[in-house]
Asks: 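Can you keep this structure in mind? I'll have questions shortly.
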Amino acid sequence: MIRSLIPLAVVAVVAVGAAQSGEDVVREMHDRYVGQWYENLALIQTVTYSSAEGEGVDSVRVWYESIQLPGTVRSDIAPIDRGDTQMYKDDSWHVLEADSLVRSFQGPHPVLLLGFDVYAQPVDETLERLRRLNVDLSQVRSDEWEGSVTYVVGDESRQFWVDKQDLLLRRLIFVNPNTGSTREIRFEAYEPLGGGWIATELVFMRDGRVDVFEHYDYWTIDVQFEPSLFEVTADRTRPTWVKN
């Protein structure tokens with residue numbers, strides 16, 4: 001649940017947005033935090049994977065995330081000495097195993113785009129990436145989610161939900177046009193961070209059941225990353241902010 005900066009007594013007054021399109025919503029999100037949102041973020045998260053049957057836990061991993069906005073994330077999977085890393089930069093994913101690059105592919109990162117980058121990059125760049133995600137930006141409506149009034153941008157197949165009061169992402173919903181399977185990502189337990197916010201719990205769902213649960217155990221914006229950390233090379237560069 002978002003801990004609002006605005007007293008609950010006045011929510012009914014301030015929560016009514018005037019956006020007429022998805023472009024308007026993105027612009028509101030950007031303009032609310034422009035010049036205030038952090039650019040560097042380091043965090044440690046516990047990632048819990050559900051079993052294939054949807055009952056119980058399959059595995060639990062710890063990920064060390066180094067994020068440089070806009071558009072770059074490095075994820076080192078514990079134990080980091082093993083060299084299992086995922087990198088996202090320049091609109092592409094890169095997967096390293098035991099310090100060897102095993103595959104690269106292009107694709108969007110909607111969590112990064114709408115949870116972080118939207119506040120730190122020009123509006124037109126966010127809109128261009130949303131169009132590549134086939135989000136219908138001409139459609140916007142109001143709805144309610146967990147007690148908050150939200151914008152819902154997009155059609156039934158691809159949409160994102162944004163809290164009208166704090167202009168933070170609450171849900172992503174994508175439907176596979178070939179299989180009809182629904183993927184949903186929920187952004188929960190927001191905490192203030194610097195001039196912005198961070199959702200400290202992410203719930204990844206498939207067809208209504210939890211697939212993956214991410215809980216952030218530690219986060220800081222008081223970090224400077226060495227440039228080599230984000231080079232896609234099969235070397236043994238490790239994030240120096242990780243102490244263990």
Asks: Is it true that, when you exclude E39 itself, more than 12 heavy atoms of the residues, nucleotides or ligands shown sit nearer than 6.0 Å to its CD?
Replies: no

Asks: Are the ring centres of F225 and F230 closer than 6.0 Å?
Replies: yes

Asks: Give the ring-plane orientation class for W37 versus Y33, where under 30° counts as parallel, over 60° as perpendicular and anything between as tilted.
Replies: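 It falls in the perpendicular class, over 60°.
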
Asks: Under 4.0 Å between a side-chain nitrogen and a carboxylate oxygen: does that hold for D91 and R129?
Replies: yes

Asks: What I want to find out is whether R209 reaches D207 closely enough, with some N-O distance under 4.0 Å, to be called a salt bridge.
Replies: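 Salt bridge: no.
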
Asks: Should E128 and R132 count as an ion pair when the cut-off is N to O under 4.0 Å?
Replies: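 Salt bridge flag = yes for R132 with E128.
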
Asks: Under the ring pair (Phe, Tyr, Trp, His ring centres under 6.0 Å) test, which residues partner W63, sequence neighbours left out?
Replies: none

Asks: Would you compute the distance between atom CG of L43 and atom OG1 of T220 and round it to the nearest 0.5 angstrom?
Replies: 10.0 Å

Asks: Give, for atom OH of Y190 and atom CG of D163, the distance between the pair rounded to the nearest 0.5 Å.
Replies: 8.5 Å

Asks: Holding to salt bridge (Lys or Arg N to Asp or Glu O under 4.0 Å), I want the full list of residues that pass it with D58, two or more places apart in sequence or in another chain.
Replies: none

Asks: Check this for me, if you would: do R141 and D155 make a salt bridge, where the nitrogen-to-carboxylate-oxygen distance has to be below 4.0 angstrom?
Replies: no

Asks: Would you please say whether a donor-acceptor pair under 3.5 Å links the side chains of S50 and D211?
Replies: no

Asks: As a test of understanding, state which of E184, E146, E201, E188 forms a salt bridge (Lys or Arg N to Asp or Glu O under 4.0 Å) with R170.
Replies: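 Going through the options one by one, the only one that passes is E146.
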
Asks: D143 and T150: side-chain donor and acceptor closer than 3.5 Å?
Replies: no

Asks: Remaining members of V60's ILVMFWY cluster at a side-chain heavy-atom cut-off under 4.5 Å?
Replies: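 Other cluster members: V57.
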
